[in-house]
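One-based numbering along the sequence shown. Worth saying up front: this structure is predicted, and the values here are computed from it rather than measured.
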Amino acid sequence: MTQAVEQTAPAVDIPMVIELRDVRKAFDAGSSRTVALQDVTFDVGRREFISFLGPSGCGKSTLLSLIAGLAGDFDGTIRVNGRTPAEARLGREYGMVFQEPALLEWRRVRENVLLPLEVMGMGTTQDRRRVADEMLALVGLRGFERHYPWQLSGGMQQRVSIARALVFEPQLLLMDEPFGALDEILRDRMDLELLRISEASETTVLFVTHSIAEAVFLSHRVLVMSGRPGTLVADVEIDLGSHRTTATREDPRFHQLVTEVRRSLHAGHESRES
Ligand code: ADP
């Protein structure tokens with residue numbers, strides 16, 4: 001149980017968390033073959049917040065699944081902290097959050113969060129509870145440990161799923177449209193919360209979204225993908241400083257960056273269509 005309670009510094013600091021080189025992924029179904037991704041090459045540094053934007057079906061989810069070691073065979077190279085995705089998965093180096101919180105309705109909030117520790121047989125009951133409660137406090141849900149998921153709003157349920165993803169204190173958080181089902185006001189609030197949580201938990205975040213404004217607001221870099229087969233068409237650095245607030249969305253630079261990303265997105269789409 002010490003992993004989630006006491007942090008020991010790594011012997012060697014590896015600045016690069018993720019490295020992809022010439023990644024290509026195809027799916028075979030009977031006689032047909034879909035090339036979902038090709039020539040995907042990029043690096044992600046420790047504690048970077050990276051968003052992926054691209055048209056539906058361009059391979060964003062496939063990309064996260066590959067990095068998570070959940071999408072089977074592929075060509076090229078992927079390294080997560082210098083290891084293969086399968087090794088990183090076994091080492092519980094990442095947590096995942098999806099659009100649907102996928103909570104167990106019959107378990108209380110705390111029991112949902114500690115479930116991964118229970119499944120792995122880690123720690124005593126008391127240890128597991130303590131870690132779950134720490135993570136719930138981190139996502140702003142102190143006092144809701146004994147509620148059931150159906151007693152919470154959509155945004156609160158998604159916070160529970162973030163707490164559950166953080167329970168092994170992973171260095172890497174993979175998020176696939178986590179706030180896609182929330183209304184815009186709530187989504188804006190969750191974006192601010194996520195920045196606070198990722199800073200406090202010192203995680204590197206890979207974030208898939210359909211919202212250009214959300215990607216720009218959250219990220220250090222936005223990686224723009226073309227239509228299928230998905231490849232990277234732009235890597236836009238978001239120079240909005242490290243402290244983002246509600247006022248950031250009104251900053252003229254924010255609007256310039258939104259325009260820049262939108263243009264890259266359309267250029268990538270058009271080049272695939274022509
Ligand atoms: P996105 O997340 O950008 O919407 P996906 O990664 O879900 O895109 O899908 C990329 C492409 O790969 C799509 O054409 C999709 O139909 C195909 N695909 C994804 N998963 C599978 C699978 N398990 N079997 C066959 N094709 C798949």
Side-chain angles (χ1 to χ4, degrees), residues 3 10-29 33-99 116 120 162 165-166 168-178 198 201-210 215 218-238 264 268 272:
Q3 185 192 9
V12 183
D13 193 62
I14 308 165
M16 217 45 82
V17 178
I18 299 169
E19 296 174 87
L20 273 83
R21 294 288 174 274
D22 304 319
V23 170
R24 182 174 189 278
K25 171 71 185 172
F27 292 103
D28 288 314
R33 158 165 273 232
T34 305
V35 180
L37 293 167
Q38 79 180 17
D39 302 330
V40 179
T41 294
F42 64 87
D43 292 330
V44 178
R46 189 176 298 289
R47 297 190 61 182
E48 271 197 297
F49 196 122
I50 306 286
S51 288
F52 294 92
L53 268 176
S56 276
C58 76
K60 301 180 292 300
S61 299
T62 302
L63 189 57
L64 284 199
S65 300
L66 283 172
I67 293 167
L70 298 170
D73 292 345
F74 61 94
D75 296 317
T77 308
I78 302 180
R79 286 285 174 270
V80 180
N81 282 329
R83 306 205 221 177
T84 65
E87 288 165 349
R89 180 157 54 89
L90 288 173
R92 293 185 286 278
E93 291 184 31
Y94 62 84
M96 287 195 88
V97 181
F98 301 96
Q99 183 166 342
M120 297 306 296
I162 294 171
L166 291 173
F168 288 122
E169 298 201 350
Q171 289 183 9
L172 183 60
L173 204 49
L174 306 176
M175 307 186 87
D176 197 349
E177 290 195 66
S198 62
S201 55
E202 302 188 348
T203 43
T204 305
V205 184
L206 300 193
F207 190 90
V208 167
T209 176
H210 274 115
L218 289 172
S219 311
H220 297 119
R221 281 157 62 207
V222 176
L223 301 190
V224 181
M225 296 174 70
S226 69
R228 200 180 65 227
T231 193
L232 296 185
V233 290
D235 181 342
V236 183
E237 192 187 333
I238 307 297
S264 307
R272 273 282 183 266

Filter on ring-ring contact (aromatic ring centres under 6.0 Å, His included), then keep only pairs touching residues 50-95, sequence neighbours left out; what's left? F42-F52

Looking at every heavy atom in both [X] and [Y], which two are closest together, and how far apart are they?
| X | Y | result |
| --- | --- | --- |
| L64 | L174 | O-CD1, 4.0 Å |
| T209 | E177 | CA-CG, 4.2 Å |
| E48 | T204 | O-CG2, 3.3 Å |
| V205 | S198 | CG2-CB, 3.7 Å |

Contact between T34 and R228 at the side-chain level, heavy atoms closer than 4.5 Å - yes or no? yes

T203 vs Q171 side-chain heavy atoms within contact, under 4.5 Å: no

Checking the side chain of [X] only, and the main-chain atoms of [Y] only, is there a donor and an acceptor separated by less than 3.5 Å?
| X | Y | value |
| --- | --- | --- |
| T231 | D39 | yes |
| R89 | G69 | yes |
| K60 | P55 | yes |
| S65 | L70 | no |
| K25 | A71 | yes |

Could you tell me whether D43 and R21 make a salt bridge, using a distance below 4.0 angstrom between a side-chain N and a carboxylate O? yes

Atom CG of residue position D28 - does it have more than 12 heavy atoms of other residues, nucleotides or ligands inside 6.0 Å? yes

Side chains of D176 and S61: is there a donor and an acceptor less than 3.5 Å apart? yes

